[in-house]
A.B. asks: 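This is the structure, below, for whatever I ask next.
Being a predicted model, the structure only gives us computed values, none of them experimental.
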There are 2 protein chains.
Amino acid sequence: MTSPNLSLNLATVRRQYGFADAVEECLRQGISAISPWRDQVQAVGLAEAARIVHSNGLRVTGLCRGGMFTAGDAAERQAAIDDNRRALDEAAELGADCLVYVVGGLPTGSRDLAAARSIVAEGLAAILPHARANGVPMALEPLHPMYAADRSCLTTLSSALDLCAELGAGAGVAIDAYHVWWDPDLEAQIARAGREGRILAHHICDWLVPTTDLLLDRGMMGDGVIDLPKIRRWIEAAGFSGPQEVEIFSANTWWQRPGPEVIATCIDRFHSVC
Amino acid sequence: MTSPNLSLNLATVRRQYGFADAVEECLRQGISAISPWRDQVQAVGLAEAARIVHSNGLRVTGLCRGGMFTAGDAAERQAAIDDNRRALDEAAELGADCLVYVVGGLPTGSRDLAAARSIVAEGLAAILPHARANGVPMALEPLHPMYAADRSCLTTLSSALDLCAELGAGAGVAIDAYHVWWDPDLEAQIARAGREGRILAHHICDWLVPTTDLLLDRGMMGDGVIDLPKIRRWIEAAGFSGPQEVEIFSANTWWQRPGPEVIATCIDRFHSVC
């Protein structure tokens, strides 16, 4: 069985596999789309990662991640911008559909969310020409509001689309069900994202009840409460037909299981739940 | 020193004090406004609690809490509505400014947030006549989106105000900085809440970085990242001049400290931070 509409974000098996072994197991189980993290690519080397991708005809639904613009001082912000240019180069070499952006939270010592959002907008504007030149769309990922302080001052799909409108061509959004499922405005904003041509990626996992850790207790599809088929229908109705990308950070459950079992479970749940 | 603009939500000292002792310590330290929880009132008895309130001239900025409408079946939902009528009676006897509503999350086994929101709207409409007859405003409290599954399908101030508009007179909102600080639309929605005459309560505490527990790791004002003075200015500019109510659930820090120290710290931080 192949699963052409399923992509595996390699963070899901980061404790089990390096890049090459993760790809090998994906291919063995019929998955031909992946989304790696930069540290995973760097561990094997960019050239070798690109060779593995291209020689196997893999689709790369995204490279994770750019962003983290809200460093403390001007020098650190410039370093972040420079690093984001390198991330775009890596995404281009991998032929990724997009570079996924987690934009950063409050600068250290700051309580000013509006200022953080301005820093993010400036950082994105600074690298946009490089993204356009490389042909790599920038996928802004609004994160769940519980990450507003330390990971992403961009907390809603609505505000991400507003930012895309400011930036213009080359910017879009990654819609991750885990981050946005709670939003009463979600259906309308997904439709808007489609109208404005902004949907670049569709991530899935599940919200567990209870959730015991803010970062590392994400659930396998079907084990939580997110209505994933409904969100998929909204996204498809908005015109996005790319793979759904499974991304599960799970320190105590899935990162503890054997890699083949995790991938097999992702496939099974994808077909039975999503 | 007295603190006429400070109210203590008695959950903040629920491990240290019963109702009567909490009030005694508040008065000793110059706090004359409180917000008790129903279990705290019931433990001392409603009549005795009301006697303590009225004989001391206390302001009760709210009774916590009504809501939890999204029970599984029709009988349970009716039981929730009946219980909410009793809560309104208790709030009236205490002379509370409002009854605070935490509306409930997804019904057990359901993934349908829209349906949950409809159940909530129906439950609130069912008790609204009783609230109006008792003269107790219903304060809908949008909770942080991390509680969408298990506590409150009402996740934004905007959607709470939409619901108030459907309900009409007798409904309003409790704005808790902890629940809404991340919202990019917060300033606009607070202004709207003021224009529409809906602000009934203003709760404060702080968002800690890191936050180690989704429910019981709220911070003392000044220990986290919320810009409380900015939110206060927005709320005051919107026309609400009632006390700020400190509500801190803190299993491992403040619930472990001596009650007089906790209350003294609330007062100190209120005057120096908020």
A.B. asks: Do the side chains of D112(B) and K230(A) get nearer than 4.5 Å, heavy atoms only?
C.D. replies: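 K230(A) vs D112(B): side chains touch.
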A.B. asks: Between chain B and each of T211(A), D150(A), D162(A), count heavy-atom pairs under 4.5 Å; write down the option with the most.
C.D. replies: T211(A)
A.B. asks: When rounded to the nearest 0.5 angstrom, what is the spacing between CG in L143(B) and CH2 in W182(A)?
C.D. replies: 12.5 Å
A.B. asks: Looking at every heavy atom in both A148(B) and W181(A), which two are closest together, and how far apart are they?
C.D. replies: CB-CH2, 3.7 Å
A.B. asks: Starting at CZ of R111(B), measure out to CG of D206(A) and round the result to the nearest 0.5 Å.
C.D. replies: 6.0 Å
A.B. asks: State whether the number of non-hydrogen atoms from other residues, nucleotides or ligands found under 6.0 Å of D73(A) atom CG is greater than 12.
C.D. replies: yes
A.B. asks: Among D227(B), L154(B), V225(B), L228(B), who wins on heavy-atom pairs under 4.5 Å with chain A?
C.D. replies: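 It is V225(B).
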A.B. asks: Rounded to the nearest 0.5 Å, what separates atom CE in M146(A) from atom CG in L214(B)?
C.D. replies: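 Result: 6.0 Å between the selected atoms.
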A.B. asks: Could you look at I226(A) and say if it's the side chain, the backbone, both or neither that has a heavy atom under 4.5 Å from chain B?
C.D. replies: backbone
A.B. asks: Can you tell which part of L113(B) gets under 4.5 Å to a heavy atom of chain A, answering side chain, backbone, both or neither?
C.D. replies: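 Side chain of L113(B) only, per the 4.5 Å heavy-atom cut-off to chain A.
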A.B. asks: Heavy-atom distances under 4.5 Å only: say whether V209(A) touches chain B with side chain, backbone, both or neither.
C.D. replies: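 The side chain, not the backbone.
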A.B. asks: I'd like to know if the side chain of S159(A) and the backbone of P184(B) have a donor-acceptor N/O pair within less than 3.5 Å.
C.D. replies: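 Looks like no, no N/O pair under 3.5 Å.
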A.B. asks: Kindly assign one of parallel, tilted or perpendicular to the pair H144(B) and H144(A), based on the angle between their ring planes and the thresholds 30° and 60°.
C.D. replies: parallel
